[in-house]
Number of protein chains: 2
Amino acid sequence: MASNLRPDQLANLLRRAVRERMLLPGQTLNQDELASRFGVSRIPLREALRTLAGEGLIVMRPGIGAVVTELRPDELDELLELRMALEPALLASVVGKVSAQQLAELRAHAIRLGDLAVEGDLDSWCSEHYAFHRRLLELAGRRHSLRLVMQVINLMEPYARVDASLAPDGARSRCDHQALLDAIEAGDAGRTRQLAEQMIETSRARLAGLINDIPSSEDPLAAMLVDLKR
Amino acid sequence: MASNLRPDQLANLLRRAVRERMLLPGQTLNQDELASRFGVSRIPLREALRTLAGEGLIVMRPGIGAVVTELRPDELDELLELRMALEPALLASVVGKVSAQQLAELRAHAIRLGDLAVEGDLDSWCSEHYAFHRRLLELAGRRHSLRLVMQVINLMEPYARVDASLAPDGARSRCDHQALLDAIEAGDAGRTRQLAEQMIETSRARLAGLINDIPSSEDPLAAMLVDLKR
DNA sequence: GTACGCTACTGTGTATACAGACGCTACAGG
DNA sequence: CCTGTAGCGTCTGTATACACAGTAGCGTAC
């Protein structure tokens with residue numbers, strides 16, 4: 001597969017692979033395998049990995065290689081606090097900047113999300129959910145805020161996916177997003193911010209209960225403990 | 001100079017070079033020159049550059065190379081808003097986590113800062129000021145928050161340096177930092193947060209007036225405007 | 001049977017080498 | 001005199017190749 005992919009595109013693919021749990025937290029990545037899978041040599045692949053390392057998504061350990069960042073429960077909580085500090089303000093600043101056409105596209109996207117929730121296609125729902133949020137956040141036109149928020153969301157995403165798979169189907173309804181779009185369309189920044197805060201708070205409440213059940217790829221300590229129990 | 005530097009260390013050196021305005025915003029970096037200067041080949045250097053790209057400090061333009069990120073005035077403002085959203089909370093969470101010895105070291109550091117302000121050694125003051133803030137923020141023990149805040153601070157730093165060089169000497173007094181340490185020692189999280197907010201607000205007020213005077217390496221638009229004025 | 005050390009192998013890290021893109025300069029045409 | 005273009009040089013981007021570190025597996029000694 002000589003796809004002639006560039007480091008930036010490779011980085012995108014790798015981010016998605018981490019988000020979608022094709023590369024699991026704690027997993028050590030084999031550069032030869034990834035490179036040949038993408039049809040490139042290890043040089044551009046390694047550059048992509050370094051980019052992800054700069055974003056905190058992976059860690060490069062000298063002599064060992066790239067390891068997907070693993071989060072402790074308290075770190076997940078920290079990330080949710082960061083989202084709380086960043087995302088509502090960013091969404092509020094979207095108010096007044098979005099055109100009628102953009103809003104229509106977002107509404108269509110939200111409806112697709114609702115349909116997927118009903119169908120129960122979890123992976124698709126997660127991907128579309130992620131894309132929806134990202135598009136919305138992009139509209140603020142604040143590149144630095146966007147970069148930081150996306151870093152936080154990308155870090156959480158592999159865990160959020162597990163959360164989504166355990167949550168009841170009703171939690172993935174379309175209502176939240178439609179309400180958010182309503183507030184934005186109405187030009188109500190305060191309400192937008194409030195709804196955003198509410199959504200994050202909901203995530204936090206759900207994650208708090210599930211945090212210990214999230215499986216990681218190797219988690220040596222947990223494996224040891226399991227062995228010791230026998 | 002065959003220093004055998006690793007990409008991580010190279011990234012540190014490059015970050016410092018950007019902070020200290022040895023590499024100016026807008027400047028295109030020559031990989032051969034940098035590599036030979038550090039005594040390594042271009043491969044580890046490029047990996048370091050990709051790391052900085054992941055942090056937003058530089059941009060990799062295909063076929064052109066690495067360009068130091070240049071900020072528009074509104075972006076500086078955005079970054080200050082981000083600091084406002086992140087840093088006070090982080091500093092407040094330091095309260096209660098810092099040992100007597102760490103506090104003593106920080107006090108010594110603050111006194112050094114005051115001395116440097118009196119001496120008028122601007123470069124040293126800026127570097128020590130940066131190091132002081134970083135150490136303080138590290139004590140919170142929140143790696144993700146720290147990473148994000150440092151990204152923001154690193155982006156602003158080359159501009160903050162110009163600001164510092166234009167500000168009156170009195171602005172670089174030691175009082176601010178001592179007061180902050182006092183609040184932390186007293187275990188007063190609220191006051192700590194308030195002082196942090198105040199410091200950022202001060203920066204913002206100063207930068208607002210100076211934003212247009214900050215020289216960049218090329219700033220094509222500004223150059224065009226200057227030409228047009230003649 | 002267990003614990004330690006050695007060896008072989010796998011995979012990372014980097015230097016060298018080469019292909020191709022970008023930009024600059026010099027020249028020809030309008 | 002200005003504009004468009006062709007050619008060249010410099011620098012980026014990537015594949016190949018090699019040196020070395022980490023790891024696992026085996027054998028040996030206790």
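Just so it is clear, the model here is predicted, and its values are computed rather than measured. The sequence lines fix the lettering, A, B, ..., with proteins before strands; numbering per chain opens at 1.
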Requested in this report: Report the distance from atom CG of B/Asn4 to atom P of D/dA19, rounded to the nearest whole Å.
Outcome: 15 Å
**Report entry** Residue pair B/Val18 / B/Pro158, side-chain heavy-atom distance below 4.5 Å
**Finding:** yes
Query - Those residues of residues 43-51 of chain B lying under 4.0 Å from DNA chain C by at least one heavy atom - result: B/Ile43, B/Pro44
Report summary line: When A/Pro7 and B/Arg6 are each assigned the nearest nucleotide of DNA chain D, the 5'-most assignment goes to A/Pro7
**Report entry** Lys/Arg N to Asp/Glu carboxylate O, A/Arg72 vs A/Asp74, below 4.0 Å
**Finding:** yes
Query - First encountered from the 5' end of DNA chain D, between A/Gly63 and B/Asp32 - result: B/Asp32
Query raised in the report: Can you check the A/Arg42 CZ to D/dA17 P distance for me, whole Å?
Result: 13 Å
Report summary line: Between CG of B/Asn30 and P of D/dG13 the distance, given in whole Å, is 12 Å
Query - Pairing of A/Arg15 and A/Glu55 as salt bridge, 4.0 angstrom limit - result: yes
Report task. State, with a plain yes or no, whether a side-chain heavy atom of B/Leu82 is found less than 4.5 Å away from one of A/His144. Result -> yes
Requested in this report: Output every pair passing ring-ring contact (aromatic ring centres under 6.0 Å, His included) with a member in residues 80-109 of chain A, not counting sequence neighbours, ordered by first then second residue.
Outcome: A/His109-A/Phe132
Requested in this report: Identify, residue by residue, the members of residues 52-62 of chain A with a heavy atom below 4.0 Å from DNA chain C, and return them in order of residue number, or none.
Outcome: A/Arg61, A/Pro62
Query - Student check: side-chain heavy atoms of A/Phe38 and A/Asn4 closer than 4.5 Å - result: no
Report task. Taking only Lys NZ, Arg NE, NH1 and NH2, and the carboxylate oxygens of Asp or Glu, determine whether B/Arg37 and B/Asp32 approach each other closer than 4.0 Å. Result -> no
Query raised in the report: Got a sec, which residues hit side-chain contact (heavy atoms from CB on, under 4.5 Å) with A/Ser203, two or more places apart in sequence or on another chain?
Result: A/Leu80
Query - Side chains of A/Ser127 and A/Arg161, donor plus acceptor under 3.5 Å - result: yes
Report task. Describe, in one word, how the ring planes of B/His133 and B/His129 are oriented to each other, choosing from parallel (under 30°), tilted (30 to 60°) and perpendicular (over 60°). Result -> tilted
Query - Bounds of contact between DNA chain C and chain A, in 5' to 3' order, using a heavy-atom cut-off under 4.0 Å - result: C/dG11 to C/dT14
Requested in this report: Would you please confirm or rule out a distance under 4.0 Å between OP1 or OP2 of D/dT10 and any side-chain N or O of B/Gln31?
Outcome: no
Query - All side-chain contact (heavy atoms from CB on, under 4.5 Å) counterparts of A/Pro44, not counting sequence neighbours - result: A/Pro7, A/Leu10, A/Val40, A/Ser41
Query - Separation of D/dT10 P from B/Glu33 CD (nearest whole Å) - result: 15 Å
